[in-house]
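See structure below.
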Amino acid sequence: MRHFLTLNDFSKDEIIEILNLSKKIKNEAENKIFKPYLEKQTLAMIFEKNSTRTRVSFEVGMYQLGGHALFLSKNDMQLNRGELLKDTALVISSMCDIIMARVYRHKDLKILAKYSKVPVINGLSDLFHPAQLMADLLTLMELGFNLEDLKVAYIGDANNMSNSWLMAASKLGFELKIATPKNYEIDSEILKIALDNAKQSGAKISVSNNPKKAIELANVATTDTWMSMGNKEQKEEKIKHFKGFCVDNELMKLADREAKFLHCLPVYRDYEVSKEVFEKHSKEIFLEAENRLHAQKGLLVWLNEKRKNNVR
Ligand code: CP
Ligand code: NVA
């Protein structure tokens, strides 16, 4: 059974296959062709945390594919009263065809996947946000980039987004320079996985505490909120430590003249990115947001194809 918990579980060819399928289904939708790839199928969406894009894109995506999505807030589930994840996975997967879950602890996704009889998709965990990365990669393809030629600078907090960029770069073989403030570095186990992958793919990966160096000649710059959901640090404290890590015009000037800027949203203007940089790049950022829908439709169809080969 193939699950989608991290890009690390996927080969370069598989990632590209999913992206091409997403692009094909997006083209069909743009021509008002909605093929029922997932007719009569149901996606269970478990949310432990808030969401706008993830919920809307998966729900609309399932509808456009001829299926249906169930919104399940953890607060309203028996999970909230102590029912085991194992039992929840067995029950939901006996009635639904795919599960998507947004959870605090990545290890809870692994439990869901272990007991589920259907594919489980990571809709964001403390460690990874791979569905977002598929939309980011689709966006960059559409903006004319050859994925192998990307030179990405990630400036800011070490979190599920920086980790997901590490998996994407190290699998696909592109350059990624990450700059985080001192004492907010990338988890060493995650970095090790990326560096090991990079030996195979030829990706150039580096981490530092120097945003100016990281962004030098990058053709894509990106960042994410400094206060992720579930973050227990003090906001004021963190803002002090992140001085110099706001992606502003001064930093962007060091990047390639044609550099693009991506943000998974929601954005906190004048914290992780200046209002000016955000506005200047809003076209690509909102294309990135829309592409959550298209990238995930490809992913859902791809996972379903794989599942067909399994006995339920
Ligand atoms: N980028 C993203 O996952 O947005 P939501 O939190 O709104 O789903
Ligand atoms: N790093 C952010 C991403 C939100 C989409 C968070 O986990 O809150």
Side-chain angles (χ1 to χ4, degrees), residues 4-7 22 43-62 69-75 99-109 121-140 152 154-168 178-181 184-187 190 221-235 238-239 242 245-247 261-269 271-273 278 281-282 284-297 299-300:
F4 186 77
L5 305 191
T6 157
L7 290 182
S22 301
L43 170 74
M45 309 191 296
I46 302 172
F47 281 94
E48 284 189 354
K49 306 182 187 181
N50 298 57
S51 168
T52 297
R53 280 144 288 269
T54 304
R55 178 180 176 181
V56 174
S57 54
F58 272 107
E59 192 160 337
V60 172
M62 280 306 289
L70 282 180
F71 173 71
L72 303 166
S73 161
K74 189 187 170 190
N75 293 340
I99 297 174
M100 187 279 291
R102 168 166 284 197
V103 298
Y104 281 98
R105 300 180 311 179
H106 190 77
K107 63 180 183 196
D108 285 346
L109 280 177
I121 296 174
N122 180 357
L124 181 149
S125 69
D126 53 347
L127 293 187
F128 299 110
H129 195 5
Q132 177 69 52
L133 250 287
M134 295 305 280
D136 294 8
L137 295 171
L138 179 62
T139 305
L140 294 171
V152 179
Y154 178 98
I155 314 286
D157 198 19
N159 64 12
N160 41 19
M161 281 305 296
S162 58
N163 296 348
S164 301
W165 276 106
L166 275 167
M167 295 306 126
I178 295 184
T180 59
Y184 292 91
E185 282 87 4
I186 299 284
D187 177 90
I190 304 251
T222 187
T223 183
D224 185 19
T225 178
W226 295 341
M227 292 299 293
S228 284
M229 291 178 279
N231 218 299
K232 291 191 182 67
E233 289 128 344
Q234 293 300 313
K235 189 174 168 192
K238 218 166 171 187
I239 290 170
F242 277 63
F245 284 78
C246 172
V247 181
F261 175 81
L262 295 183
H263 193 305
C264 66
L265 304 178
V267 64
Y268 300 91
R269 290 170 174 83
Y271 289 96
E272 70 269 17
V273 56
F278 186 84
H281 293 276
S282 63
E284 62 242 33
I285 295 165
F286 286 99
L287 173 64
E288 176 191 8
E290 182 196 324
N291 274 336
R292 290 294 303 277
L293 169 66
H294 307 294
Q296 287 159 197
K297 283 168 75 182
L299 173 65
L300 289 162

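For ligands, and for the atoms within them, numbers begin at 1 and follow the listed sequence. Not measured: the values here are computed from a predicted model.
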Which residue supplies the protein heavy atom nearest to atom 3 (C) of ligand 2, what is that atom called, and how far is it? Asp224 OD2, 3.6 Å
Ligand 2 atoms nearer than 4.0 angstrom to some heavy atom of Met229 are 6 (C), 7 (O), 8 (O)
Return yes if some donor-acceptor pair links the side-chain N/O of Asn291 with the main-chain N/O of His294 below 3.5 Å, else return no. no
Ligand 1 contact on Arg55 by region, counting heavy-atom pairs under 4.0 Å: neither
Could you list the atoms of ligand 2 found under 4.0 angstrom from a heavy atom of Leu124? 3 (C), 4 (C), 5 (C), 7 (O)
Can you tell me the protein heavy atom closest to atom 4 (O) of ligand 1 and the distance? Arg53 NE, 2.8 Å
Closest approach of any protein heavy atom to atom 3 (O) of ligand 1, naming residue and atom: His129 NE2, 2.8 Å
Interatomic distance, Asp187 atom CG to Leu166 atom CG [nearest 0.5 angstrom]: 10.0 Å
Looking only at N/O atoms, are Lys49 and ligand 2 under 3.5 Å apart anywhere? no
Establish, for the pair Lys49 and Tyr104, whether the NZ or CZ atom is under 6.0 angstrom from the six-membered ring centre and no further than 45 degrees off its axis. yes
Under 4.0 Å from one or more heavy atoms of Leu265, ligand 2 contributes atoms 5 (C)
Does Leu262 offer a backbone N or O that forms a donor-acceptor pair with the side chain of Thr222 under 3.5 Å? yes
Heavy-atom nearest neighbour of atom 1 (N) of ligand 1 within options Leu124, Leu265, Val267: Leu265
CZ/Phe286 to OG1/Thr139 distance, rounded to the nearest 0.5 angstrom? 12.5 Å
Could you tell me whether some N/O pair between Thr52 and ligand 1 is separated by less than 3.5 angstrom? yes
Enumerate the atoms of ligand 1 whose separation from the nearest heavy atom of Arg292 is less than 4.0 angstrom. 1 (N), 2 (C), 3 (O)
Between Asn159 and Tyr154, do the side chains contain a donor N or O and an acceptor N or O under 3.5 Å apart? yes
Aromatic plane relationship, Phe242 with Trp226 - under 30° parallel, 30 to 60° tilted, over 60° perpendicular: tilted
Show, in sequence, the C-alpha distance, side-chain angles and deciding distance for Thr223 and His263, and conclude whether the side-chain contact (heavy atoms from CB on, under 4.5 Å) test is met. CA-CA 6 Å; Thr223 183; His263 193 305; 3.9 Å; yes
Would you mind running through ligand 2 and noting each atom that sits below 4.0 Å from a heavy atom of Asn160? 1 (N), 2 (C), 6 (C), 7 (O)
Nearest-neighbour protein heavy atom for atom 6 (O) of ligand 1, which is reported as residue plus atom name and distance: Arg102 NH1, 2.8 Å
Kindly confirm or rule out an N or O of Pro266 lying under 3.5 angstrom from an N or O of ligand 1. no
Can you check side-chain contact (heavy atoms from CB on, under 4.5 Å) on Gln132 and Leu124, steps first, answer last? CA-CA 8 Å; Gln132 177 69 52; Leu124 181 149; over 6 Å; no
